[in-house]
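Below, chain A is the first sequence line, B the second, and so on; all start at residue 1.
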There are 2 protein chains.
Amino acid sequence: MRFSLHQLRVFAAVARLLSYTRAAEELHLTQPAVFTQVKQLEESLGQPLLERLGKQLFLTDAGRETLATAHETLNALERLEMRLADLQGLKRGRLRLAIVTTAESLIPRLLGAFCQQYPGIDATLTVANRETLLSRLADNIDDLVVLGAPPEHIDVVATAFADNPLVVVARHDHPLANSRAIALTRIAEESLILREAGSGTRLAAERLFAEHGLEPRVRLELGSNEAVKQAVAGGLGLTLLSAHTLALEGESGLLRVLDVEGLPLLRQWYVAYLRGKHLSVVAEAFLDFLLAGQRR
Amino acid sequence: MRFSLHQLRVFAAVARLLSYTRAAEELHLTQPAVFTQVKQLEESLGQPLLERLGKQLFLTDAGRETLATAHETLNALERLEMRLADLQGLKRGRLRLAIVTTAESLIPRLLGAFCQQYPGIDATLTVANRETLLSRLADNIDDLVVLGAPPEHIDVVATAFADNPLVVVARHDHPLANSRAIALTRIAEESLILREAGSGTRLAAERLFAEHGLEPRVRLELGSNEAVKQAVAGGLGLTLLSAHTLALEGESGLLRVLDVEGLPLLRQWYVAYLRGKHLSVVAEAFLDFLLAGQRR
DNA sequence: CTAAAGAATAGATAAAAATCTATTGTTTGT
DNA sequence: ACAAACAATAGATTTTTATCTATTCTTTAG
């Protein structure tokens, strides 16, 4: 396959106009230039593509086959260029997003709004715990990662983009439900229900207690936020979790946010990516979208 | 679209191996050579196709799109080369054949045998009268043309390849049906039914009579051989036609070949093409097939 | 922290490709 | 028979391209 795209293009023009001279005009070349290109293509392919009988040019069988393939090929490449342009212009593209479980109540709504704004863009959302996410981050599997605290052992660019208040939650009929300004010490005495080790919420909770020299009793360790809420609703104890997680429950539900001293703990949501990674236009746009939301 | 097929090929190798160095080995090039090719492709396309994070190479979205198109394109061109090779090897191809109406009873059988021998080859058979055929010949519409006498005003290569005996036919109960050695003069006195002017049979008949100084009465002038036979069968007169035309009727039918002095007139079938035309491999093969048949 | 491996860049050079002008062939219509 | 129109060839020239060697940069594994 010793021929060039240029030769295919020139040949296509000649085949369409059935004239070297007219093709030359169209391509802003001289007639010999066009002739040579076609000739070389013929030599590469090992057989004539055009034949002249008298003044008239005709395509040979091989010429017809070649013309068809030339069109196919040139069109495919043109379509590629359009797709790439679209990719850059946010008209098309894919966003691979990975988030910690806790962010499940915050991100999907934002992502929905984003996709509505850019209808050509498909999104893949992976939900996992912090540990899994960090290893995905290191493996460059996702465009962007959302978590409750910046990674520590990976070199990333992490930007806070939303508040992530951490609150203590109890069932509505819990003895502390109507107390005011509860001391953290008091909470540490209660049965606590928390996410598994390796989760961001667990990390944050442990850090909070440690800062006050406390070591709470973790009665239950559960693998999902929903499970934790169910356990609290079942009266098994208190929990510390992201206020966003309660969004759907509202005032009316079984659960109550306790008024604990020093809470809500003002944490932030972070969006992160590997330092040096070249963000796709789509990822860039979603990042901007998140940061713009911060100002709302 | 300023990039080359070579760049696509190199890029495909790099994308597959996810390594410039290994791609370079595979392509028997140096690593910088490979690197520059991909770099230039990226520049042509206006965005990076590969990104490096640490030691690992990754395809970008644009890279994935480009790789898909590169495969599509390179495969299409490879298939083209195979098709062209087949074309030359008689494994595939098209034969455009045009024949005079009179040859309708001879050629299709030959063409059938030919197509059976070369199963990949499709044939188009056009049946027309001599006049139409000559203009098609001049316009280079068909690969080969079969007629009862070589064209006179067109520069062609015409080769005889089969006998084409011309006979006088009457209905079985015609007064002359059982006569022997009938004089041509006698025939000229009968009502004659002939094909239209411009047809080969008509031309041959007129020439035959003219050679003997005769001017026969053409009572009926019909547009097809079938019509002529029907008219003869209807008892409307005699006709002069190619013996092949009677092949299907045989001895059992209504029609009889008269024993006329100097007949059957030994004419020939000719296959012709424009001088200088480059015959396709298929046409060449069919020509050989016809000429080989002559010796059987 | 160092060595190894691979990627990226620079600069030089050799090869090839594309194009041009000029000219010659060939066919057709007048 | 001639002119016009187009195709085909020749030869020269210019530009582009592909490639190489040498080197530097970057990351990772030990």
Report the C-alpha distance between B:F286 and B:I121 in whole Å, list the side-chain angles of each, state the deciding distance to 0.1 Å, and finish with yes or no for side chain to side chain contact (heavy atoms under 4.5 Å, CB included).
CA-CA 11 Å; B:F286 187 65; B:I121 291 175; over 6 Å; no
Can a side chain N or O of B:R52 be found less than 4.0 Å away from OP1 or OP2 on D:dT27?
no
From CG of A:L41 across to C1' of C:dA17 the rounded distance in Å is 15 Å
Does A:K39 put a side-chain nitrogen or oxygen below 4.0 Å from OP1 or OP2 of D:dT9?
yes
On DNA chain D, nearest-nucleotide positions of B:Q37 versus B:Q56: which is more 5'?
B:Q37
What's the closest nucleotide to the B:Y20 side chain, out of D:dC6, D:dA18, C:dA8?
C:dA8
Is a donor from one side chain sitting under 3.5 angstrom from an acceptor on the other, for A:Q47 and A:E42?
no
Please state how far atom CG in A:L274 lies from atom C1' in D:dT26, giving the value in whole angstrom units.
15 Å
Nucleic acid contacts of residues 25-35 of chain B, taken as heavy-atom distances under 4.0 Å to DNA chain C
B:Q31, B:P32, B:F35
If only side-chain N and O atoms of A:H6 are considered, is one of them under 4.0 Å from the OP1 or OP2 phosphate oxygen of D:dT16?
no
Taking side chain as C-beta onward, heavy atoms only, is B:L49 less than 4.5 Å from B:L41?
yes
So that I can tick it off, tell me whether B:E72 and A:R79 are bridged by a salt bridge, with the cut-off set at under 4.0 angstrom between side-chain N and carboxylate O.
yes
Would you kindly give the CG-to-P distance between B:L5 and D:dT17, to the nearest whole Å?
14 Å
Salt bridge or not for A:R136 and A:D139, using N-O below 4.0 Å?
no
Residue-phosphate contact under 4.0 Å: A:S19 side-chain N/O, D:dC6 OP1/OP2:
no
Might you work through the side chain to side chain contact (heavy atoms under 4.5 Å, CB included) test for B:V271 and B:L287, ending with a clear yes or no?
CA-CA 8 Å; B:V271 55; B:L287 194 53; 3.4 Å; yes
May I have the distance from A:Q40 (atom CD) to D:dA10 (atom C1'), rounded to whole angstrom?
14 Å
For the pair made of CG in A:D155 and C1' in D:dT26, what is the distance, rounded to whole Å?
13 Å
Calculate the interatomic distance between B:L8 atom CG and D:dA18 atom P; express it in whole Å.
12 Å
In whole angstroms, how far is the P atom of D:dA7 from the CZ atom of A:R22?
9 Å
Both A:L53 and A:T36 contact DNA chain C. Taking the nearest nucleotide for each, which residue is further toward the 5' end?
A:T36
Round to a whole Å and report the spacing from CG of A:L57 to P of D:dC6.
11 Å
Decide side chain to side chain contact (heavy atoms under 4.5 Å, CB included) for B:D143 and B:Y273; before the verdict, give the C-alpha distance in whole Å, the side-chain angles of both, and the deciding distance to 0.1 Å.
CA-CA 7 Å; B:D143 291 319; B:Y273 58 94; over 6 Å; no
